[in-house]
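Data block below; observations after.
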Amino acid sequence: MPSDTTNQTPYYVTTPIYYVNDRPHIGHCYTTLIADVAARAQRLVGRDVFFLTGTDEHAEKVSKTAAENAKTPYEWATINAERFRDAFRFMNFSNDDFVRTTEDRHKDKASAYIEQLLDQGDIELGDYEGWYDPSQEEYLTEIVAKENDYKSPVTGKPLEKRVEQNYFFRLDKYQDWLEQQITSGEISVLPEARKNEVLGRLKQGLMKVPVSRRIKEGDADWGIRMPGDDAHRIYVWIEALCNYLTIVDTDERKKYWDGEVVHLMAKDIIWFHAIIWPAMLHALGKEPPRTVYAHAYWIAEGTKMSKSLGNFIEIDLLRAYAEKYSLDAVRWFLTTQGPLGANDADFAHSRFIEVYNADLANSVGNSMSRVGNMVHKYYNGIIPGTCNGEFGFPNGSSLQTALKALENAGKAVDDPTRTFRFAEFTSNATDNALRALETVDLESMLDSGRSIVRHVDEFISYCAPFTLAKQLDALDDGDHALTSILYSCAEALRIASLLLSPAMPEKMAELWRNWSCSHLADPNNANSGFVAPLAELARWGGEYSIKKGQQIAKGDALFMRADASEPAPEPAPEPERIG
RNA sequence: GGCCCCGUAGCUCAGCGGUUAGAGCGCGCGACUCAUAAUCGUUUGGUCCCCGGUUCGAAUCCGGGCGGGGCUACCA
């Protein structure tokens with residue numbers, strides 16, 4: 001998509017709603033972070049964005065742990081939902097809403113959807129027969145049961161064959177439709193590896209899926225009752241999926257479901273999102289999601305995270321990293337080094353430092369710092385003039401003058417015939433970023449921003465404005481040349497900063513304050529929204545460009561270089577918490 | 001058991017039939033000094049997991065193997 005047009009389709013991005021009994025860890029933060037970066041990027045583009053996350057609260061175990069902690073299920077869920085809210089606030093996520101499945105706005109609509117499916121015959125009563133593991137209180141599939149010799153994989157006790165009456169969703173009716181939708185890409189299942197997995201499994205055939213649970217003696221009143229049958233409640237998973245629709249199923253928000261719907265999640269729950277949910281939507285007469293994107297997992301210092309090892313990277317460790325290296329650095333590391341593809345990614349301290357120094361301190365931060373410093377040093381921080389960003393062409397002389405200065409100083413000039421076109425370069429980078437964004441390729445989107453930074457660094461080394469600055473009196477055109485060079489560096493970095501801002505909103509807002517750039521509705525609030533779409537903000541020499549006379553303050557280093565020999569941050573000792 | 005993915009430079013990965021296989025990072029060297037001992041240039045570095053096959057030609061397609069990982073529907 002060329003940068004001079006703005007996609008007007010509303011953009012709706014979701015994360016799974018998180019199981020309230022979990023403690024917020026890197027996995028929850030990562031999925032929500034990529035949703036946040038995508039949402040911020042789309043808002044920057046100028047689209048109408050709705051970004052939803054929240055908590056899934058009607059699980060049976062929630063009422064159990066609540067009882068163990070002498071709380072009602074709702075009180076317990078509230079305490080834990082707050083932990084997610086805290087974690088997400090800390091991560092500076094820009095979600096437009098936070099759904100709790102215990103809210104009426106969700107329950108009422110979810111219940112209505114199920115009722116509709118019942119009325120239509122898409123949900124019907126039937127018998128569920130399976131191998132029950134009494135010790136774990138769960139059913140195992142025939143295959144799993146057989147593999148374990150019909151014994152509990154956990155306790156080794158014999159499994160029981162049980163029959164239970166349940167309501168079933170006729171998923172089997174939608175096999176052909178699903179296959180067509182996914183194969184054709186109408187529902188885009190990403191990454192490709194996951195799409196193959198889903199299609200492969202689809203070929204094995206679909207069964208009816210149980211969508212209710214019989215309410216047992218002594219059960220807490222928790223969850224949503226099956227419409228028309230108080231003996232059952234809606235199975236949490238089925239009810240939970242409905243959140244994506246319930247929360248935007250209002251007059252004001254329905255435009256988001258009619259727009260581009262993108263569901264993000266980790267790979268373990270792709271089946272629910274790529275198969276069961278689209279089939280339910282189709283049965284309800286709603287459009288399926290446009291994109292179902294399942295990322296892989298984080299591992300910790302080369303080791304898989306597990307409950308038994310207790311090595312989850314929890315929010316407190318991320319807080320410790322943010323404390324030391326800044327939150328935006330953490331966001332950058334997670335976004336660019338994360339498991340967005342099919343392979344798992346490693347959260348390793350040495351890697352964090354490497355990436356922090358290479359990408360942020362030495363590249364983005366340093367480049368902005370050196371340019372700011374030169375404007376400060378040579379022009380008292382006031383941009384003396386503008387430039388079209390073209391160097392080395394016949395009608396210009398700035399680069400030639402700069403090279404002359406190098407020659408006068410007895411310095412080597414590598415290739416005197418080089419040319420630079422910053423307007424074109426930054427516009428291409430912007431287009432590349434937009435193209436990457438369409439497939440949620442955030443790493444490559446952000447790299448487009450960084451490519452501008454690299455280009456600026458290369459340009460500075462090539463034309464050496466600092467050498468030129470020492471000969472302003474000796475060269476006729478010296479001042480004009482220096483002005484052109486510094487302006488172009490600053491303007492290019494300004495455009496780079498826009499492309500980097502979805503991952504690092506606070507740091508880029510800081511740069512804009514230092515450089516007096518008015519991109520934000522409120523310069524002091526990085527979350528206040530952009531004053532224009534990217535196509536206008538990023539136009540070289542356009543309305544929002546750096547102007548003659550604009551103040552460029554040196555400011556503090558955005559990312560101070562990290563010392564690799566220092567020990568890795570550790571989570572602060574945790575204050576007493578329930579759970 | 002079934003199905004799927006991955007295995008390419010020290011690390012992370014791109015390339016998926018066609019000139020001497022690439023990028024970023026790291027390492028070494030040179031240059032530079034505006035900048036956060038940053039930057040720029042450049043070198044080094046690879047039986048493209050193994051064995052067979054198809055082809056004028058394979059990292060790329062096919063078959064088989066080895067190694068790593070995933071999914072297999074009621075924990076969420």
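Order of the sequence lines sets the chain letters (A, B, ...), proteins ahead of strands, with each chain counted from 1.
Looking at the side chain of A:E458, the nearest of the listed nucleotides B:A76, B:A73, B:C40 is B:C40. Comparing B:C13, B:C71, B:C40 by their nearest atom to the side chain of A:N343 picks out B:C13. Listed nucleotides B:A38, B:A76, B:C74 differ in distance to A:Y128; the shortest reach to its side chain belongs to B:C74. You'll find that the side chain of A:A358 is closest to B:G26, out of B:U36, B:G26, B:A73. Here B:C5 is the nucleotide among B:U33, B:C5, B:C3 with the atom lying nearest to any side-chain atom of A:N196. Checking B:C34, B:C25, B:U36 against every side-chain atom of A:R561, the shortest atom distance belongs to B:U36.
With a cut-off of 3.5 Å on both pairing distances, B:A59 has no Watson-Crick or G-U wobble partner at all. Searching all strands for a Watson-Crick or G-U wobble partner of B:U54 with both distances below 3.5 Å returns nothing. For B:G10, the paired nucleotide is B:C25, the pair qualifying as Watson-Crick or G-U wobble because both relevant distances are below 3.5 Å. The nucleotide B:A76 finds no pairing partner, because no Watson-Crick or G-U wobble arrangement with both distances shorter than 3.5 Å includes it.
For the OP1/OP2 pair of B:A35 and a distance below 4.0 Å, the side-chain nitrogens and oxygens of A:N373 include at least one atom meeting the criterion. A close approach under 4.0 Å does occur between a side-chain nitrogen or oxygen of A:K377 and OP1 or OP2 of B:A35. Regarding contacts with the backbone of B:C4, every side-chain N or O of A:K203 stays at 4.0 angstrom or more from both OP1 and OP2. Contact check, A:Y235 against B:A76: a side-chain N or O comes under 4.0 Å of OP1 or OP2. Within the 4.0 Å cut-off from OP1 or OP2 of B:U39, at least one side-chain nitrogen or oxygen of A:N362 is found.
Below the 3.5 angstrom threshold, one finds a donor paired with an acceptor across the side chain of A:R213 and the base of B:C74.
Applying the 5.5 angstrom centroid cut-off and the 30 degree plane-angle cut-off, the aromatic ring of A:F466 is stacked upon the base of B:C34.
In this structure a side-chain-to-backbone donor-acceptor pair under 3.5 Å is present from A:Q175 to A:L202.
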